[in-house]
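Heads up: the structure comes next, in structure tokens.
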Amino acid sequence: MSAETRTVGNELGVAVEPTIAAWAAAHYPRLVRLAALVCDNATDAEDAVQTAFEQAWRRRDSLREAAALRGWLNRIVVREAIRIQRRRTSFVDRVLGGPREVALDLERHDQPGSQPGPELRTALRIAYAELSPALRAVVGLHLYAGYSMQETADILAIPLETARSRLRLARERLRARLEEGRA
Amino acid sequence: MSWSVSDERLDATLRELLIDRVDAIATEALPMDEFVTRVSAGVQPVPVARRFGGQFRLALVLALALAAVVAGAILVAGAMRQHHVLAGNLATISGSTVYVGRADAWTQVPVRPEVKDHDFCCSLAWSPDGKTLAVWSGSGLEVVDADTGDSQVLVAATTILGPPAWAPDGSALALAMADTQTPGAVRIGVVAAAGGSPRFVTPAFSILHMPAWSHDGRTLAFGGQSRDQAVEGLYTVGRDGTDLRLVNGAMAPGLAIASQGPPAWSPDDATIVVDAGMCTQQCTYRIAAVRLSDGAATRLTADAVNGFGPSWSPDGQRIAFYEWQDGPGPANLWTMRPDGGDAQVLIKGTAFNDPAWTPDGRLLYFAEDTGNDVYAQLWSMQADGSDKTLVSTKGDIEGIAVRPLTP
């Protein structure tokens, strides 16, 4: 193998030639879905994944193991997705001077104390969109992607207790937003 | 009052929501082969220009600066030579009546009879060569030869959603249109100034506002809400319909981007200034500059200023905008520096319509209600607010256009 040849280990531990196409086949669909937990549109999700791929490609010498590459890509994609989303969110904060009240027209459909219907999904969709990118990431990684709290903390590079408190805070905010919408 | 939702129910509903959300975004994402092409391009070896580093960039910057100085000198000389003529080359629209002329000699331009019961009206814009007026009235989008009065309807009134914008080369106009083939869908259309069917350059949107061309004519910017998004954003798209890009997503339901005036491109096309409005019980507007390279937004107007409809002076030194104080109606007319500094009220409480700059940026034309019997008359003033002059006693002006510099 020449000095120029780059290798990473595949899932079977066999050395293979790394190509961007091979990386994409192995990781792109998963990473787009991971980014979509935080980003609001496909363009931003693609941007986050592209950034992660480009950074990983430049560091491919140190990312020879498939498991290392997978974990590293997960972390970078989520980090980039949060960064991109923060920039998007900051538009509202910087332009309009902070969070605004958004009326949720729920009174027409649900009575107090009743079991929630489709309106809960609508209200939750809006409330989730209003969560900060960091809180979205915890909720998405844990509830959707099925990562344990420890794995979620590892991906986000935060302490386990911080991840737990963020999940708790996200739930509180979602509940508060729903109640606010009904008030 | 509460939803009576348990943690389990909340989590389960959230999980369902996230599955839908992720599926929707993943479906929209680039196909893998296109993504590989894009990433491959992004990891190419460093270009020669970057290897040479600072020296190369310095030389490039100096060359560009020299070219800009020469071009600026030519433009300024031309503007000074032409100004006494151009200041009189105005067009105004009131309902379906268009006038072209000078302050002391107005000519009514024949346009087709107004179509009644049409909600949207009116605007007009000179072609970049100053020979043709695009008139949006109740009769549709019409191009009118300002010298002969010959006219042609390009787009029927019923499909037009907002004022048209001329391409910098004068070959086409862009506008927000209803897609009659898809109920509820709107798109940005580009129609050749010579006539023909409009060509859609965007996919279907739920909401679209007036587009604006970049100065190089390659890109259109517009505010709108795509059909798969719950919120509005500032978008750009290539003239040929490629490279649709969400430059900045507003991330708040109810927020409208560039809804009160078209996006305003900075002279170097690096920044787009827009109004951002939130309407709940009443509307709040702010003006922001959005950097095209990374979508970062900087707010330009203060909390107390309900500003909208920004437009750059041709020299790029000032931005004019309006401010409503008590809802739609007579407004304050402001100007400020491009960084939001030195904001000044030039007209307080009596201004109407988008202000029109002369090509040299020295004068502003605007409509004002001065409390006499004639509503919304045409006035001019210096860019600093001085030397206010009544240009025409005609009233009910709904749009003003100043003829561009002609060779």
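Numbered from 1 within each chain, the chains take letters A, B, ... in sequence-line order. Remember, predicted model here, so these are calculated numbers, not experimental data.
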From A:Tyr128 OH over to B:Thr13 OG1, what is the distance, rounded to the nearest 0.5 angstrom?
14.0 Å
Residues two or more places apart in sequence or in another chain: which of them pass ring-ring contact (aromatic ring centres under 6.0 Å, His included) with B:Phe205?
B:Phe222, B:Tyr235
I want to check something: taking the side chain as every heavy atom from C-beta on, are B:Leu18 and A:Val139 in contact at a cut-off of under 4.5 Å?
yes
For A:Ala21 versus B:Val36, what's the shortest heavy-atom pair and its separation?
CA-CG2, 3.9 Å
Using non-hydrogen atoms only, which part of A:Ala35 is less than 4.5 Å away from chain B: side chain, backbone, both, or neither?
neither
Got a sec, which residues hit ring-ring contact (aromatic ring centres under 6.0 Å, His included) with A:Tyr144, two or more places apart in sequence or on another chain?
none
Under a 4.5 Å heavy-atom cut-off, does chain A meet the side chain of B:Asp23, its backbone, both or neither?
both
Within the 4.5 Å heavy-atom criterion, are B:Val22 and A:Val32 side-chain neighbours or not?
no
Do B:Glu28 and A:Thr43 have side chains that get closer than 4.5 Å, going by heavy atoms?
no
Between B:Arg38 and A:Asp47, is there a salt bridge with N-O shorter than 4.0 Å?
yes
Here the pair of heavy atoms bringing A:Cys39 nearest to B:Arg21 is O-NH2, 2.7 Å
With rounding to the nearest 0.5 angstrom, report the CZ to CG distance, A:Arg171 to B:Asp11.
4.0 Å
Please report the shortest heavy-atom distance between B:Arg15 and A:Leu143, naming the atom on each side.
NE-O, 2.9 Å
On a heavy-atom basis, which atom in B:Leu14 and which in A:Leu174 lie closest, and how many Å separate them?
CD1-CD1, 3.5 Å
Show the nearest heavy-atom pair for residues A:Ala24 and B:Phe35, with the distance to one decimal.
CB-CD2, 4.4 Å
Determine the minimum heavy-atom distance between B:Leu30 and A:Glu46, stating which atoms define it.
N-OE2, 2.6 Å
